[in-house]
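Okay, structure first, notes after.
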Amino acid sequence: MKGKILITGGAGFIGSHLTDELINQGYEVRILDTLCEQVHGPNAEIPKYLHPEAHFIKGDICDRNKVKKALENIDAVFHFAAKVGVGQSMYELEKYTKINNLGTAILLEEIIKNPIKKLIVASSMSIYGEGLYKNQENKLQTKLHRNLEDLKNEKWELYEEGQALKPIPTPETKTPELSSIYALSKYDQEKLCLITGKAYKIPTVALRFFNVYGTRQALSNPYTGVLAIFASRLLNENPPLIFEDGKQKRDFIHVKDVAKACLATLETSAADGETLNVGSGKSYTINQIAEALQKVLKKNISPKITQKYRVGDIRHCFANIEKMQKCLGFSPQIALEEGLAELANWLKEQTAVDNFEKAGTELSSRGLTV
Ligand code: UD1
């Protein structure tokens, strides 16, 4: 046995894949997870996909006694427990701040009393806001926002003197621009962990995940990533709805590559005290994603381009992964086509409640769509 690892939120999408990876590599894994209804459904049992050798503790990250118990004899912690919806965070402020910010603070106080050898926290590309851009003279542009007038007029790009700026891969050095309560809470989690880790000499790393996709992503949760939402729409014979013109770009990384990056982070000290982008380093438009998914699912349902802006959305963000490659000696292995084919196979056995329209109503009734 190589060591005892605690994964908070380990029953979830990324945590469960990391559990598999760690157990396969000879680690012992303990999971602390509340099995929240939005992800796991009502009165949820331990998910069937969870590795049978993982030791499961049901409990909330804000329950200090459960956290204390979960930390007994643990060597390293992956802190993944969090609420993850950007739009939802704009009206459930208390819940997001409690689980993400306060939950992390409680975990850290218990870690201080019960020191560990390594702490790895899940952060997010959402902290960047817009990605990095260049103007016509190749000058870098940061601190960018789209203006509402442009968006109402279906001018989707970012402009400088009438010229569209060019998006380029975003490195960790880009100044964060927090545009949702979710992003704020992720930045807070990053900083809480890094500052505490430094003060108490616990090697700590914050991983900024880009758009993670793959099997086990909660299909009935309308606040998760676009691929899960599109999959759930198509499984229910509904057309995926594409915001804006669909030409916005993102970086999609397969969940098994994310698990491998997590393992590499655990096993090297090269990234200690650092933040690392975890992305594929490639970018795709949302139109390309919709088309690719439709193809692997063999559905004859075309997506609808809504020409509508979802409040809080950024236009383009994709990762510069040089730092990850250098520190971890790891590059993502799974090409999008391969990852989507695997996803399609899994989707065939799934049913999904399409809650997308309900979530849209929640947002629009609060003036959170344009
Ligand atoms: C956001 C967060 C990210 C988080 C992820 C999943 C930001 C900048 N990033 O990413 O940290 O991990 O959510 O919670 O806030 N889209 C559609 N139709 C849909 C759904 C989405 O067109 O039905 C579009 C969106 O408008 C967006 C793109 O797809 O342009 C990606 O959306 P999504 O998967 O929600 O992720 P991000 O907003 O990139």
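Just so you know, ligand 1 is whichever comes first in the structure, and atom 1 is the first atom listed for that ligand. Below, all heavy atoms of this structure are taken into account, side chains as well, without hydrogens, waters or symmetry copies.
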- Taking heavy atoms and a distance under 4.0 Å, where does Arg250 meet ligand 1: side chain, backbone, both or neither? side chain
- Do the rings of Phe210 and Tyr128 sit parallel, tilted or perpendicular, given the 30° and 60° boundaries? tilted
- Heavy-atom contacts under 4.0 Å between Phe230 and ligand 1: side chain, backbone, both, or neither? side chain
- Message: Just checking Lys299: does its NZ atom have more than 12 heavy atoms from other residues, nucleotides or ligands closer to it than 6.0 angstrom?
- Response: yes
- Location of contacts on Val84 toward ligand 1, heavy atoms closer than 4.0 Å: backbone
- May I ask you to list the atoms of ligand 1 that are less than 4.0 angstrom from any heavy atom of Ile229? 23 (O)
- side chain to side chain donor-acceptor pair (under 3.5 Å) with Tyr133: which residues, sequence neighbours excluded? Glu130
- Does one side chain, of His17 or Thr215, offer a donor that lies under 3.5 Å from an acceptor on the other? yes
- Applying a 4.0 Å heavy-atom criterion (strictly less than), which segment of Val212 is in contact with ligand 1: side chain, backbone, both, or neither? neither
In a table with atom names and distances, give each donor-acceptor pair under 3.5 Å that connects a side chain of residues 191-205 to protein atoms at least two apart or in another chain.
from, atom 1, to, atom 2, distance (Å)
Thr196, OG1, Leu192, O, 2.6
Thr204, OG1, Ile202, O, 2.7

- Message: Please classify the Tyr182 to ligand 1 contact at 4.0 Å (heavy-atom distances, strictly less than): side chain, backbone, both or neither.
- Response: side chain
- Between the main-chain N or O of Lys249 and the side-chain N or O of Arg315, is there a donor-acceptor pair closer than 3.5 Å? no
- Task: Examine Ile286 against ligand 1 and note whether any of their N/O atoms are separated by less than 3.5 Å.
- Result: no
